[in-house]
Amino acid sequence: MKHTKADNVNGWLIIDKPRGMGSTEVVGKTRWLMHANKNGHTGTLDPFATGVLPIAFGEATKLVPFVTDGRKEYEFLVKWGEQTATDDTDSEVIARCEKKPEHSEIMAAIPHFLGRITQIPPVYSAIKINGQPAYKLARRGENVTMQPREVEIFALELLAEYPDSAKFRVECSKGTYVRTLGKDLAMFLGTLGHLTMLRRTKCGIFSVNNTILLENLEKMEYVENRRKLLLPIETSLRGIAEIVVSEEDARKLSMGQSVSPKNYDTTVSECAAAFFNDCLIALVRIEERKISPIRVFNLEK
């Protein structure tokens with residue numbers, strides 16, 4: 001299919017990312033398939049991982065931080081007794097241990113990984129060290145020192161056990177490395193471990209129920225049919241306060257100007273969505289004496 005000049009396309013496309021494909025590669029592929037001039041992803045998934053990868057198109061890219069900052073959920077499989085350089089199956093085994101933890105040991109360990117915990121991110125990660133991704137330095141054989149970071153684990157559940165592995169579900173804050181969680185859990189249990197499966201099941205308000213397989217998107221012949229899969233950009237704002245503004249105030253907000261809250265039944269809020277004629281005008285901050293735009297959207301209905 002030969003494409004002409006790309007179009008202004010707005011909305012969310014929630015891809016079920018396939019294994020072996022990087023997030024940036026998915027962005028490029030979906031931009032081409034949607035014949036769109038601008039898009040971006042929220043929350044990088046390693047090529048090893050699969051699952052929920054929200055892709056923002058056009059004006060939705062202004063909302064990427066709101067999705068990226070949200071909670072994430074993953075399912076992962078830890079293979080006991082083997083350690084790899086990358087903490088997953090993308091590298092060879094570098095150490096072995098005979099111990100396989102018992103069910104009671106696993107259940108007793110889980111509470112130690114709930115709440116705020118400290119992680120040392122994997123060397124093979126996209127974290128920048130002096131402007132360079134850590135994984136590039138590691139692959140060149142350079143010594144890389146990763147700084148500890150605090151993350152939050154809201155839930156950790158044992159889903160299934162197998163002879164040499166166990167499957168878990170975790171709900172966590174942004175910045176959590178599940179590969180590191182699996183490795184640290186194994187070490188706490190007196191053994192070694194690495195992930196053989198990692199699947200994101202939720203990213204912010206988006207879940208696997210919202211996803212489409214990239215291969216199914218590719219099978220659709222017409223761009224117009226693919227665009228029907230886009231979710232409205234305001235979908236990602238589910239749960240935040242909303243106000244309906246007048247036409248005059250909508251115009252002011254769209255120009256980056258503040259408006260008076262006296263004509264609206266509002267309460268002070270760090271972030272709310274302002275609409276006019278069912279069209280998202282801006283994200284705003286509501287204060288006692290003014291309503292100020294945080295992000296302005298150029299949408300038409």
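If you're wondering where the values come from, they're calculated on a predicted model, not measured in any experiment.
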Check your understanding: Does one side chain, of R149 or T180, offer a donor that lies under 3.5 Å from an acceptor on the other?
Key -> no
Practice item. Decide whether L158 and V178 are clustered together by the hydrophobic rule: side chain heavy atoms of Ile, Leu, Val, Met, Phe, Trp, Tyr closer than 4.5 Å, transitively. Key: yes
Study note, to complete from the structure: Heavy atoms of A49 and K17 approach each other most closely as O-NZ, 2.7 Å
Review point. Quick check: are there more than 12 heavy atoms from other residues, nucleotides or ligands sitting under 6.0 Å from CG of L159?
Key: yes
Practice item. Establish, from distance only, whether the side-chain atoms of D249 and Y264 form a donor-acceptor pair under 3.5 Å. Key: yes
Exercise for review: Using the salt bridge (Lys or Arg N to Asp or Glu O under 4.0 Å) rule, take D16 and R199 through it: C-alpha gap first, then chi angles, then the decisive distance, then the call.
Suggested key: CA-CA 9 Å; D16 189 337; R199 179 167 178 78; 2.7 Å; yes
Exercise for review: Look up atom CD1 in I281 and atom OG in S254, then write down how far apart they are to the nearest 0.5 Å.
Suggested key: 6.5 Å
Review point. For D69, does the CG atom sit with more than 12 other heavy atoms under 6.0 Å from it, leaving out its own atoms?
Key: yes
**Study point:** From CA spacing to verdict: salt bridge (Lys or Arg N to Asp or Glu O under 4.0 Å), K252, E248
**Key:** CA-CA 6 Å; K252 289 180 179 179; E248 181 181 354; 3.5 Å; yes
Practice item. Have a look at T42 and tell me which of T61, V67, V52, L53 forms a side-chain contact (heavy atoms from CB on, under 4.5 Å) with it. Key: V67
Check your understanding: What do you reckon, is NZ of K100 surrounded by more than 12 foreign heavy atoms closer than 6.0 Å?
Key -> yes
Practice item. Verify the cluster assignment for L280 and F276: are they in a single hydrophobic cluster under the rule of side-chain heavy atoms below 4.5 Å apart? Key: no
Review point. Heavy-atom distance under 4.5 Å between the side chains of Y162 and L77, does that happen here?
Key: yes
Practice item. Apply the test side-chain contact (heavy atoms from CB on, under 4.5 Å) to residues L283 and L237: give CA-CA distance (whole Å), side-chain angles for both, the deciding distance (0.1 Å), then the verdict. Key: CA-CA 9 Å; L283 288 185; L237 298 175; 3.6 Å; yes
Exercise for review: Would you indicate whether the side-chain heavy atoms of E221 and N225 approach each other to under 4.5 Å?
Suggested key: no
Exercise for review: Using modelled atom types only, decide if a donor and an acceptor are shared between the side chain of T191 and the backbone of K99 within a distance under 3.5 Å.
Suggested key: yes
Check your understanding: Honestly curious: do L198 and F168 fall in one hydrophobic cluster under the side-chain, below-4.5 Å linking rule?
Key -> yes
Practice item. Consider only side-chain heavy atoms of I, L, V, M, F, W and Y, link residues closer than 4.5 Å, and tell whether I291 and V296 are in one cluster. Key: no
Exercise for review: Could you tell me whether E218 atom CD has more than 12 heavy atoms of other residues or ligands within 6.0 Å of it?
Suggested key: yes
Review point. Which pair of non-hydrogen atoms, one from P111 and one from A108, has the smallest distance, and what is that distance?
Key: CD-O, 3.4 Å
Revision key, fill the gap. Here the gap from R295 atom CZ to L253 atom CG, rounded to the nearest 0.5 Å, amounts to 15.0 Å
Check your understanding: Is the side chain of W12 donor-acceptor paired with the backbone N or O of I233 at a distance under 3.5 Å, no angle test?
Key -> yes
Review point. Does N37 reach the side chain of V9, with side-chain heavy atoms less than 4.5 Å apart?
Key: no
Exercise for review: Please say whether more than 12 non-hydrogen atoms of neighbouring residues, nucleotides or ligands are located less than 6.0 Å from CD in E105.
Suggested key: yes
Study note, to complete from the structure: Value for CD (E234) from CG (L63), rounded to nearest 0.5 Å, stands at 9.0 Å
**Study point:** Reported CE-to-CG distance for the pair M197 and D88, which is rounded to 0.5 angstrom
**Key:** 13.0 Å
**Study point:** Over all atoms of both residues, closest heavy-atom pair of P18 and T50
**Key:** C-CG2, 4.1 Å
Practice item. Please round to the nearest 0.5 Å and tell me the distance separating atom CD of E25 and atom NE2 of H41. Key: 12.0 Å
Exercise for review: Check step by step if salt bridge (Lys or Arg N to Asp or Glu O under 4.0 Å) holds for K62 and E59.
Suggested key: CA-CA 6 Å; K62 296 176 180 178; E59 293 293 285; 2.8 Å; yes
**Study point:** Closest non-hydrogen atom pair, C271 against I240
**Key:** SG-CD1, 4.1 Å
Review point. Is the F113 ring parallel, tilted or perpendicular to the F188 ring (thresholds 30°, 60°)?
Key: perpendicular
Point to revise | N10 side chain reached by F57 side chain, heavy atoms, under 4.5 Å | key: no
Check your understanding: Stepwise, does the side-chain hydrogen bond (donor to acceptor under 3.5 Å, both in side chains) test hold for N39 with T30?
Key -> CA-CA 8 Å; N39 71 343; T30 54; 3.2 Å; yes
Review point. Can you hop from W32 to V27 via hydrophobic side chains spaced under 4.5 Å?
Key: yes
**Study point:** Any donor-acceptor pair under 3.5 Å from T118 side chain to P148 backbone
**Key:** no
Check your understanding: If only atom types and distance count, is the side chain of K38 paired as donor or acceptor with the main-chain N or O of A36 below 3.5 Å?
Key -> no
Review point. Closest approach of L195 and F76, non-hydrogen atoms and distance?
Key: CD2-CB, 3.9 Å
Point to revise | Pairwise side-chain contact, C97 with W80, heavy-atom cut-off 4.5 Å (strictly under) | key: no
**Study point:** Between CE on residue M220 and CZ on residue R227, distance to nearest 0.5 Å
**Key:** 12.0 Å
Review point. Does E150 CD have over 12 foreign heavy atoms under 6.0 Å away?
Key: yes
Check your understanding: Is any side-chain heavy atom of I212 less than 4.5 Å from a side-chain heavy atom of I15?
Key -> yes
Point to revise | 4.5 Å side-chain heavy-atom contact, K29 and L217 | key: no
Review point. Closest approach of S207 and I14, non-hydrogen atoms and distance?
Key: O-CG2, 4.4 Å
Exercise for review: State, with a plain yes or no, whether a side-chain heavy atom of T211 is found less than 4.5 Å away from one of L213.
Suggested key: no
**Study point:** Audit row: Y74, C172, side-chain contact (heavy atoms from CB on, under 4.5 Å) steps and yes/no
**Key:** CA-CA 8 Å; Y74 299 86; C172 55; 3.8 Å; yes
**Study point:** Side-chain (R200) to main-chain (G43) donor-acceptor, under 3.5 angstrom
**Key:** yes
Point to revise | Derivation of the side-chain contact (heavy atoms from CB on, under 4.5 Å) call for V259 and V284 | key: CA-CA 10 Å; V259 300; V284 297; over 6 Å; no
Check your understanding: Are I120 and Y177 close enough, and set up right, to give a side-chain contact (heavy atoms from CB on, under 4.5 Å), and what steps lead you there?
Key -> CA-CA 9 Å; I120 298 178; Y177 277 90; over 6 Å; no
Check your understanding: Passes salt bridge (Lys or Arg N to Asp or Glu O under 4.0 Å), E171 versus K202? Steps please.
Key -> CA-CA 9 Å; E171 181 183 359; K202 193 171 182 181; over 6 Å; no
Check your understanding: With a cut-off of 6.0 Å (strictly less than), are more than 12 heavy atoms of other residues, nucleotides or ligands near NZ of K290?
Key -> no
Exercise for review: Please lay out, stage by stage, how S292 and S258 fare under the test side-chain hydrogen bond (donor to acceptor under 3.5 Å, both in side chains).
Suggested key: CA-CA 4 Å; S292 307; S258 298; 3.2 Å; yes
